[in-house]
Amino acid sequence: MSGIILPGADGALYPRNRDWHPPANTPGYKSTTFRAPKHALLSLGGTASELTGPTFGHSSLNPLDNDLIRNYSQDGSEAIGQRLIVYGQVLDENARPVPETLVEFWQANAGGRYRHRKEAYLAPLDPNFGGCGRAVTDENGFYSFRTVKPGAYPWPNGGNDWRPAHIHFSVFGHAFAQRLITQMYFEGDPMIWQCPIVGSIADKSAIDQLIARLDRHNTTPMDALAYRFDIVLRGRRSTMFENKLEGN
């Protein structure tokens with residue numbers, strides 16, 4: 001599967017530019033040594049079941065799915081941390097909006113800890129923060145959600161490696177098998193350029209597409225800053241997607 005398939009203006013698919021993405025085996029990002037393919041990749045056409053279903057409907061979303069500040073509240077309180085609005089537009093390679101697309105997002109809490117049973121970082125959990133949500137793009141391809149800024153956290157890659165603040169994104173296509181995954185970073189964070197995962201991307205302009213821009217015009221006064229993060233699904237300047245590195 002080659003990700004979300006979108007035709008160009010003439011109906012043809014744009015070829016993927018593999019130079020835009022880092023190699024699957026990147027020594028500085030140690031776990032790629034075990035995950036990278038050992039043989040040449042094969043191009044397989046999508047089957048009928050992959051291209052036709054199952055799909056997602058609006059009925060499966062709850063009113064607070066795109067509000068990570070409140071959607072896991074245990075006692076009516078809100079999540080602790082710097083409050084943010086994250087929004088953007090999902091586009092194809094010809095800058096056309098992609099409507100009715102399911103966007104999922106997940107992240108660490110303000111202290112840099114995930115709510116996961118295998119989490120090893122000692123930062124405390126926030127009892128009112130679950131760390132995940134979802135939204136469906138509107139008719140113009142826009143999504144938005146409220147959250148708190150995730151904290152940086154250490155990871156066992158090197159002697160003292162830390163992940164910069166980031167939010168994970170998953171974008172579904174027209175069927176369950178069409179899924180792309182990426183990460184969003186925050187403008188101005190110096191730790192972005194110290195991260196071995198980010199360092200595996202050779203083209204700085206590709207990294208720039210993973211950095212959300214502060215948008216003071218869409219903040220909520222006295223409440224939340226806003227960041228914009230657009231996602232381009234395909235083409236020679238597509239957003240860098242993690243699962244493409246493994247041949248998916």
Side-chain angles (χ1 to χ4, degrees), residues 56-90 100-155 162-172 179 181-192 195 210-231 239 242:
F56 301 93
H58 288 217
S59 60
S60 62
L61 268 68
N62 296 314
L64 291 179
D65 276 1
N66 69 336
D67 190 343
L68 279 64
I69 294 174
R70 297 191 295 154
N71 68 6
Y72 195 79
S73 178
Q74 304 300 295
D75 59 6
S77 301
E78 297 186 340
I80 297 171
Q82 181 184 348
R83 297 154 72 91
L84 302 177
I85 298 166
V86 177
Y87 81 101
Q89 192 174 25
V90 179
E100 307 296 320
T101 295
L102 181 68
V103 180
E104 295 182 329
F105 24 86
W106 63 98
Q107 64 172 88
N109 67 17
R113 183 169 176 176
Y114 287 97
R115 183 173 292 279
H116 192 283
R117 63 182 180 179
K118 293 186 177 181
E119 172 64 85
Y121 187 32
L122 297 179
L125 286 172
D126 180 348
N128 294 308
F129 185 75
C132 58
R134 54 188 179 171
V136 171
T137 58
D138 64 17
E139 64 275 10
N140 295 310
F142 280 96
Y143 71 89
S144 68
F145 62 96
R146 294 203 316 153
T147 188
V148 297
K149 188 173 183 178
Y153 59 82
W155 59 303
W162 286 68
R163 295 300 328 280
H166 63 279
I167 298 177
H168 299 266
F169 281 78
S170 165
V171 183
F172 282 91
R179 185 188 186 201
I181 301 170
T182 191
Q183 297 183 27
M184 181 203 91
Y185 303 95
F186 292 87
E187 180 180 20
D189 185 351
M191 290 184 63
I192 296 172
C195 177
L210 299 177
I211 300 175
R213 307 302 173 186
L214 178 65
D215 182 356
R216 294 292 295 272
H217 297 291
N218 283 289
T219 62
T220 301
M222 304 300 294
D223 182 26
L225 287 173
Y227 282 85
R228 178 165 181 163
F229 182 60
D230 293 338
I231 300 172
T239 301
E242 296 169 8

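Scope of the values below: all heavy atoms of this structure, side chains included, with no hydrogens, waters or symmetry mates. Quick note: residue numbers are just sequence positions, from 1.
- Residues passing the ring pair (Phe, Tyr, Trp, His ring centres under 6.0 Å) test with Trp155, sequence neighbours excluded: Tyr29.
- Phe129 meets the ring pair (Phe, Tyr, Trp, His ring centres under 6.0 Å) test with no other residue; sequence neighbours excluded.
- Listed by chain and residue number, nothing satisfies the side chain to side chain donor-acceptor pair (under 3.5 Å) test with Thr220 (two or more places apart in sequence, or in another chain).
- Residues passing the side chain to side chain donor-acceptor pair (under 3.5 Å) test with Tyr143: none are found, sequence neighbours excluded.
- Tyr87 pairs by the ring pair (Phe, Tyr, Trp, His ring centres under 6.0 Å) definition with nothing, not counting sequence neighbours.
- For Pro154, the side-chain contact (heavy atoms from CB on, under 4.5 Å) partners two or more places apart in sequence, or in a different chain, are Tyr121, Trp162.
- Sorted by first and then second residue, the pairs that involve residues 137-155 and meet salt bridge (charged side-chain N to carboxylate O under 4.0 Å, His left out), not counting sequence neighbours, are Asp67-Arg146, Arg146-Asp223.
- For Arg117, there are no side-chain contact (heavy atoms from CB on, under 4.5 Å) partners, not counting sequence neighbours.
- Contacts of Ser144 classified as side chain to side chain donor-acceptor pair (under 3.5 Å), with partners at least two apart in sequence or in another chain: none.
- Taking the side chain to side chain donor-acceptor pair (under 3.5 Å) definition, one finds that Glu78 meets it with Arg83, sequence neighbours left out.
- Judged as a ring pair (Phe, Tyr, Trp, His ring centres under 6.0 Å), and not counting sequence neighbours, the contacts of Phe186 are Tyr227.
- Under the salt bridge (Lys or Arg N to Asp or Glu O under 4.0 Å) criterion, Asp189 pairs with no residue, sequence neighbours left out.
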